[in-house]
There are 2 protein chains.
Amino acid sequence: MATVPKTEQTTTPVPQRLLAAATRLFAEQGYDRTSVQEIVEAAGVTKGALYHYFGSKDDLLHEIYARVLRLQQERLDAHAEADEPVEKRLRDAAADVVVTTIANLDDAQIFFRSMHHLSPEKNKQVRAERRRYHERFRALVEEGQTAGVFSSATPADLVVDYHFGSVHHLSTWYRPAGPLTPQQVADHLADLLLRALRP
Amino acid sequence: MATVPKTEQTTTPVPQRLLAAATRLFAEQGYDRTSVQEIVEAAGVTKGALYHYFGSKDDLLHEIYARVLRLQQERLDAHAEADEPVEKRLRDAAADVVVTTIANLDDAQIFFRSMHHLSPEKNKQVRAERRRYHERFRALVEEGQTAGVFSSATPADLVVDYHFGSVHHLSTWYRPAGPLTPQQVADHLADLLLRALRP
DNA sequence: CGAGGCATACCGACTGGTTAGTCTGCGCCC
DNA sequence: GGGCGCAGACTAACCAGTCGGTATGCCTCG
């Protein structure tokens, strides 16, 4: 009894519902403050379902990280490989990560706030992927510096951390109801980066 | 029995020992992962002592926040009021907050990672003080923009968030064992800010 | 074509362990 | 002798993960 009525309208698959519920709750309350019970209730299932699809609560968090990392890396790669001058490639990449981050503010909040809740191995894995991302971005900055279109006054590593600091920070202050659209914020932040890099 | 031996060498007062232990442990493991039991053991006392001086675990966290906020606000005020051109005042303030943050990386880590663990009222209070700090800093940027020594291309608010993003981010990547001294990092980051603001 | 078996998907009570905060009491100092 | 500073056992609540059980569809073989 009490099974889902068999209309032909497809229901969202349970694993996705669980991930969506977990993402929202982790962002709102933090990982440790969110009980597995809350997640399954929000997703309309029970613990049995969650542990059928995921090995642990920690696993759920890891899935959220993997999704974000994959998305951002793909987008960065696309911009970095474009057939454009390096200034434009960097600007586009810098602006895009801002837009994408704002579009997934919950993910971003979790990302930067809950890394230390991952198990050591999963944490290491995430760090490694994160480093790849960082290095790809840094390569863009270095390319411009070598070509002389960017100032070399600041080490490329620091430039990258400077920019990602601001991205990281977005989930702290950006509110959709605010005066600026995501694209406007992205343009401004990319502009600040490029202005700082003027020779 | 087992009282501290009564040599005349003054022992650090218990409340300070508790705060120091809590700061270290919160930074290492996160607020929720640190039990009150761990804190009192690290401080060499028992729960009775902790709850004698602090109303709750949450209170302990709030004290840490208050300490950081007071320190940073004092230093910003000093720089902002100095008798110097606005470029120098902003640069000094921007560099100083970096140095101070690196000198108290544990505090910084807790600050940005654990705000949501504070009770709603305490959270509101901290946000209010934080806003005062932000506005003081913004006033410096605006002063320079009005005077024409800084570009007005970017709203001052965004400029401030851009810089504090990088400060916020420090606890993620800065390691004392790294190649750069705190002062060098501070100079670079302040430089990036000022370069971005060149008209 | 239909019966029987099997895997997948999920349920929900239960367990063992942990935790913040309380409370009674004790010793030392003024 | 009274109160401050603290000790440490205790409680009530909670929580991640387990496990035996059930329903449902598919596949196979007679």
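Each chain gets a letter, A, B and so on, in the order the sequences are listed, and its residues count up from 1. Since this is a predicted model, take the numbers as computed values, not measurements.
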What is the distance, to the nearest angstrom, from the CD atom on B:Glu41 to the P atom on C:dT18?
13 Å

For B:Arg127, the side chain to side chain donor-acceptor pair (under 3.5 Å) test, sequence neighbours excluded, returns B:Asn123

State which of C:dT8, D:dG5, D:dA7 makes the closest approach to the side chain of B:His52.
D:dG5

On a heavy-atom basis, which atom in B:Glu84 and which in B:Lys88 lie closest, and how many Å separate them?
OE1-CD, 3.6 Å

Measure from CZ on A:Phe54 to C1' on D:dT18 and round the result to the nearest Å.
18 Å

May I ask you to decide whether B:Arg33 forms a salt bridge with A:Asp32, counting only side-chain N to carboxylate O separations under 4.0 Å?
yes

Could you go through nucleotides 15-17 of chain D and list every protein N or O atom that sits under 3.5 Å from one of its N or O atoms, giving the distance for each pair?
residue : atom : partner : partner atom : Å
D:dA16  : OP1  : A:Thr34 : O            : 3.4
D:dA16  : OP1  : A:Lys57 : NZ           : 3.0
D:dA16  : OP2  : A:Val36 : N            : 2.8
D:dA16  : N7   : A:Lys47 : NZ           : 2.9
D:dG17  : OP2  : A:Tyr51 : OH           : 2.9
D:dG17  : OP2  : A:Lys57 : N            : 3.0
D:dG17  : N7   : A:Lys47 : NZ           : 2.9
D:dG17  : O6   : A:Lys47 : NZ           : 2.7

Does A:Lys57 make a cation-pi contact with A:Tyr31 (under 6.0 Å, within 45 degrees of the axis)?
yes

Over how many whole Å does the gap from A:Leu18 atom CG to C:dC11 atom C1' extend?
14 Å

Go through the structure and list residues passing ring-ring contact (aromatic ring centres under 6.0 Å, His included) with A:Tyr174, not counting sequence neighbours.
none

Nearest-Å distance, CG (A:Leu50) to C1' (C:dA13)?
17 Å

Polar contact flag, side-chain donor to acceptor under 3.5 angstrom, B:His168-A:His168:
yes

